[in-house]
Amino acid sequence: MSITRTDLEALDRADELAPLRELFTIPEGVIYLDGNSLGALPKATPARVAEVVQREWGQGLIRSWNDAGWMATPARVGDKIARLVGAPAGSVMVADSTSVNLFKLLGAALAARPGRRVIVSERRNFPTDLYIAEGLAALLDQGHALRLVEPGEVAGAIGEDTAVVMLTHVNYHTGAMHDMAAITAAAHAKGALMLWDLAHSAGAVPVDLAGCRVDLAVGCGYKFLNGGPGAPAFLYVAPRLQEELRYPLTGWLGHAAPFAFETGYRPGQGIARTMVGTPPVLSLAALEVGIDIALRAPMEQVRAKSVQQTTLFAALLEQAGAPWGFRLASPRDAARRGSQVCLAHDQAYAVMQALIARGVIGDFRAPDILRFGITPLYTRYVDLFDAAAALRMVMVRGEWQAPEHRTRRAVT
Ligand SMILES: *Cc1c(COP(=O)(O)O)cnc(C)c1O
């Protein structure tokens, strides 16, 4: 039974989340399927950023640290993110980049489990997560090592020697999603701490950090939270650990009394001690607009639409791509899939470039993956039909063979 464009138009008409698309700038002629890499621009963001620049900075000047609440913004916006990931108020801080937050939390986790030397992770975790662990282990010079396994082997790889299990909840490459509750419980059963990377989860799939008794988490502001390029990231520390943990980056804003300007470091209270330096106020203003939109969409509805869209899109792409040997590279079982669909093909790079030239924007992940992110806040059902039709045309007409589509650019 084949799916028609009319079927998908009907789904768009019935979609309760459809009006949210109006809150975003989506350029004419573009089908944007890369919100998992850089979320689209909310229409309210330019005015909000201009207000912070002109009124708060321009007029308020340094007074705005107090008067406009700049200093409290990282924790205040963190509390909003907490609502998206099942965390209590006071457990999430917006700070730094995901990479830097990984360093901070991983360092704290290793210090909290002295005598244990193993970090368990997945071989195909996002590289920065592994690189940060590698660099931290080298810096500590105490024999810490990464134990890298396949996704299905994680629970079995956790032992009495494991200090921390560090995983990305939804894999960037395949969209495969781990069972957060089960793996967290497996880590705890061996006395290890659990650190989740929510880069492809926050705002995209339901996350229950408190319910799963997760210890630590990090996440990204510029993907499904639509915070803009290089938006600040966030981190989560379970309240039960907040007074115990010590972070390896001890900056003045994590101090108990930053404006006492003491000579020695004393950690601040609770989540506050995870801060390092001065918050990026302009970027935080942009991020908050994206998060406010995410908070308007009930997560059960977002997930239901995402599951339906990824399921339909996988079927459409397989149908369109079958004659040219495209293979579905994301899990077939929707319960194990995040909000993306991936195809594997040996000409993936050139095919994606040709799709982008047709206005269908996804991305390429080495060595052979075409990756399409689904953002239920603004992806329409008809977009999926049109994107699959574009893939067919790119292949039928051999557009991918054009020389300009075969030259790799710096950012893929
Ligand atoms: C996108 C992503 C990051 C990004 O880290 P940055 O420090 O923001 O560059 C980290 N981890 C994962 C799993 C990601 O998908």
Side-chain angles (χ1 to χ4, degrees), residues 33-40 74 77-78 81 85 92-107 109 119-136 146 148 151 154 164-178 180 183 194-205 207 209 214 216-236 248-249 274 276-277 279-280 283-284 286-287 290-291 329-330 337-342 362-366 369 371-375 410-412:
L33 299 171
D34 216 358
N36 57 333
S37 202
L38 176 64
V77 177
I81 295 175
V85 293
V92 174
M93 181 67 87
V94 177
D96 305 304
S97 63
T98 305
S99 301
V100 171
N101 287 333
L102 280 163
F103 183 86
K104 286 150 63 178
L105 297 195
L106 207 49
I119 302 165
V120 170
S121 193
E122 200 184 317
R123 191 163 290 124
R124 271 175 294 241
N125 198 344
F126 190 77
T128 207
D129 300 52
L130 303 180
Y131 301 163
I132 290 287
E134 198 184 306
L136 181 63
L146 272 165
L148 300 179
V154 173
V164 56
V165 179
M166 174 188 72
L167 289 175
T168 301
H169 181 221
V170 174
N171 185 277
Y172 80 105
H173 211 239
T174 61
M177 182 161 64
H178 281 294
M180 183 177 283
I183 295 179
M194 185 71 225
L195 166 51
W196 287 103
D197 187 330
L198 305 178
H200 290 273
S201 307
V205 298
V207 176
L209 292 177
V214 169
L216 304 163
V218 298
C220 189
Y222 52 79
K223 292 171 180 163
F224 290 100
L225 297 180
N226 303 308
F234 66 91
L235 59 82
Y236 161 83
L249 292 178
T274 61
V276 179
S283 304
L284 267 157
L287 174 61
I291 290 165
S330 33
R337 190 169 65 218
S339 204
Q340 69 181 61
V341 178
C342 302
D363 60 23
F364 162 80
R365 284 294 172 263
I369 296 281
R371 190 173 70 154
F372 302 95
I374 301 283
T375 307
V411 176
T412 63

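Order of listing sets the numbers, starting from 1, for every ligand and every atom in it.
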Qualifying salt bridge (Lys or Arg N to Asp or Glu O under 4.0 Å) pairs with a residue from residues 165-175, counting only residues at least two apart or across chains: none

From Tyr222 atom OH to Ser37 atom OG, the distance as rounded to the nearest 0.5 Å: 7.5 Å

Ser330 OG to Met177 CE distance, which is reported to the nearest 0.5 Å: 12.0 Å

Approximate separation, where rounding is to 0.5 Å, of His169 NE2 and Asp197 CG: 11.0 Å

For Thr174, all residues meeting side-chain contact (heavy atoms from CB on, under 4.5 Å), sequence neighbours excluded: Asn171, Ala176

Results of side-chain contact (heavy atoms from CB on, under 4.5 Å) for Ser121 - residues two or more places apart only: Asn125, Leu130, Leu146, Leu148, Met166, Leu167

Residues in the immediate environment of ligand 1 (any heavy atom closer than 4.0 angstrom): Ser97, Thr98, Ser99, Phe126, Thr128, Asp129, Thr168, Asp197, Ala199, His200, Tyr222, Lys223

